[in-house]
Amino acid sequence: MTALAPYACDPAQSRGRRYPEPAAPTRSAFQRDRDRIVHSTAFRRLVYKTQVFLNHEGDLFRTRLTHSLEVAQLGRSIARTLQLNEDLVEAIALAHDLGHTPFGHAGQDALNICLKSHNPDSAGFEHNLQSLRVVDTLEERYPDYDGLNLSFETREGILKHCSRRNARRMEGREPGGVAQRFLALSGDGPHAQQPSLEAQLANLADEIAYNAHDIDDGVRSGLLSLEQLKEVELFEAYHRETLTRHPGLQGRRLLFETIRRMLSAQVYDVMDATGAALRTAMPADVQAVRQHPPLVCFSDEMALKSSSLKRFLLQNLYRHPQVVETTQTAQQVVRDLFAAYMADPAQMPQAHSDRFDQLGSRPVSDAERQAKPERVVADYIAGMTDRFAAKEHERLNGRVVFPV
């Protein structure tokens, strides 16, 4: 690994773990986090969780697992050049989607509505919060504590977004913890304090990765065409450049080379723009980074082009009638599962139904509010893969909605 910049996260200076542990003899704190994430049950389940296209729709579409690997690769490449901590970027990237429901954002939206409809005071469901919940509580691998007991810096990076309401709840359970930055104000105005540069980088690498691979999957599915994509400035420029360099190139090779050049341009742009921002801001250390507006960024020109691409994908892929139809069916599956388990918790495995019964039989304190009975059901559903959720729905409702 290259030498770390003074504003990078040094594992030797980590704010530590919620449950103190001796240091590993051969691995840094962030390498240890990464390894725990890779060996977790939630990480393995990502292989059968939707990115855009459901698992049964094709073997070659991205899943949450392959997406996370692509984010980690892009993040490490950029981190190396900027002298940031590659291991921390990788750990955050691999963990950032652990809390995603089956059926992607469709499942998340349905589960959020279910929770709030059942209990208006509920925090609802948001996959960033659930990812943190997975690594803090739901994984059961160690004898001395729940969760994976990751370092503060990795947990902070996983929690990309958080409402002030939820942040206040989390701050009550963990004063000065990973939610504090969503409640604090920086000195120059209404900006929440920022996470580490490594967390900022993992977030931007996520955006770069899904924009690129959703183009690939969209074309593979037949829902997008090259002619449509040529309307997008960012794609069209590198499509034209590819044909100039390789006249007559067609099909998959033309698409792959265009995406490769587009990805490279975005990566180098982030390196240049972030490097310039760091030279201007000159943060002395990680704490100075936290007090400054975001520093990992695109150039203004690339930010506009990236936003245009996102709008195109929203209008032409994510809102495509075929995707919307699948989304509506997936949401109904989640709603049906939630209703079935709330009505008869014995339909869940015994560990979940026992926890449901225990929480439902006594008053719940503010600190336990996240663990009300409906949260047990949400945790169980959120942990499902697409195909397991479809099989459970068939078992409970007697009809097939998706092939498994």
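- Listed for the Ser353 side chain is a donor-acceptor partner under 3.5 Å among the backbone atoms of Gln350.
- Using a 3.5 Å distance cut-off with no hydrogens or angles, the side chains of Asp97 and Ser68 do not pair a donor with an acceptor.
- Ring pair His100/His105: centre-to-centre distance below 6.0 Å.
- Gln331 and Thr327 are not linked by any side-chain donor-acceptor pair at a separation below 3.5 angstrom, with hydrogens and angles left out of the test.
- The nearest pair of heavy atoms linking Val71 to Ala209 is CG2-CB, 3.8 Å.
- Within the 3.5 Å criterion, the main-chain N or O of His118 finds no donor-acceptor partner in the side chain of Glu374.
- Between the side chain of Asn316 and the backbone N or O of Phe312 there is at least one donor-acceptor pair closer than 3.5 Å.
- The main-chain N or O of Cys9 is found under 3.5 Å from a side-chain atom of Asn85 such that the two form a donor-acceptor pair.
- A distance-only check finds no donor-acceptor pair linking the side chain of Thr154 to the backbone of Ser151 [under 3.5 Å].
- Judged by distance alone, the side chain of Gln200 and the main-chain N or O of Leu295 form a donor-acceptor pair under 3.5 Å.
- Salt bridge present: Glu70 and Arg62 bring a charged side-chain N and a carboxylate O closer than 4.0 Å.
- A donor-acceptor pair shorter than 3.5 Å can be found between the side chains of His67 and Asp206.
- Pairing each heavy atom of Phe125 with each of Gly99, the nearest pair is CZ-O, 3.5 Å.
- A donor-acceptor contact under 3.5 angstrom links the side chains of Glu207 and Ser306, judged on distance only.
- Of the possible donor and acceptor atoms, one in the side chain of Arg141 sits under 3.5 Å from a partner among the backbone N and O of His39.
- Screening Arg32, Arg155, Glu21 for a side chain to side chain donor-acceptor pair (under 3.5 Å) involving Asn149 leaves a single residue, Glu21.
- Exactly one residue among Gln31, Arg34, Arg76 makes a side chain to side chain contact (heavy atoms under 4.5 Å, CB included) with Glu86. That residue is Arg76.
- With Tyr238 as the aromatic partner, Arg261 does not meet the cation-pi criteria of under 6.0 angstrom to the ring centre and within 45 degrees of the ring axis.
- A distance of 9.5 Å separates CG of Leu317 from CG of Leu229, quoted to the nearest 0.5 Å.
- Residues Ile78 and Val296 have side chains not in contact (no heavy-atom distance under 4.5 Å, counting atoms from C-beta outward).
- Between Phe256 and Asp216 there is a side-chain heavy-atom pair separated by less than 4.5 Å.
- At a cut-off of 3.5 Å, with distance as the only test, no side-chain donor of Thr326 or Thr329 sits close to an acceptor on the other residue.
- Considering CE of Met348 and CG of Leu337, their distance stands at 11.0 Å, rounded to 0.5 Å.
- Contact annotation: the side chain of Glu392 approaches that of Tyr341 to within less than 4.5 Å [non-hydrogen atoms, C-beta and beyond].
- Between the side chain of Ser131 and the backbone N or O of Ile158 there is no donor-acceptor pair closer than 3.5 Å.
- A donor and an acceptor atom, one from each side chain of Thr137 and Asp146, are nowhere located under 3.5 Å apart.
- Side-chain contact check for Arg17 versus Asp33: some heavy-atom pair is nearer than 4.5 Å.
- Looking only at side-chain heavy atoms (C-beta outward), Thr63 and Leu46 stay at 4.5 Å or farther from each other.
- Taking the side chain as every heavy atom from C-beta outward, Asp144 and Tyr19 never approach each other to under 4.5 Å.
- A cation-pi arrangement is found for Arg36 relative to Tyr142, the charged atom lying closer than 6.0 Å to the ring centre and inside a 45° cone about the ring normal.
- For the residue pair Thr101/Gln108, the side-chain donor-acceptor check at 3.5 Å is not satisfied.
- Phe235 has its side chain within reach of Leu255: a pair of non-hydrogen atoms, C-beta onward, lies under 4.5 Å apart.
- For the residue pair Tyr145 and Glu140, no side-chain donor N or O sits within less than 3.5 Å of a side-chain acceptor on the partner.
- The shortest distance between side-chain heavy atoms of Pro11 and Asp87 does not fall below 4.5 Å.
- Looking at Thr258, its side chain does come within 3.5 Å of a backbone N or O of Leu254 through a donor-acceptor pair.
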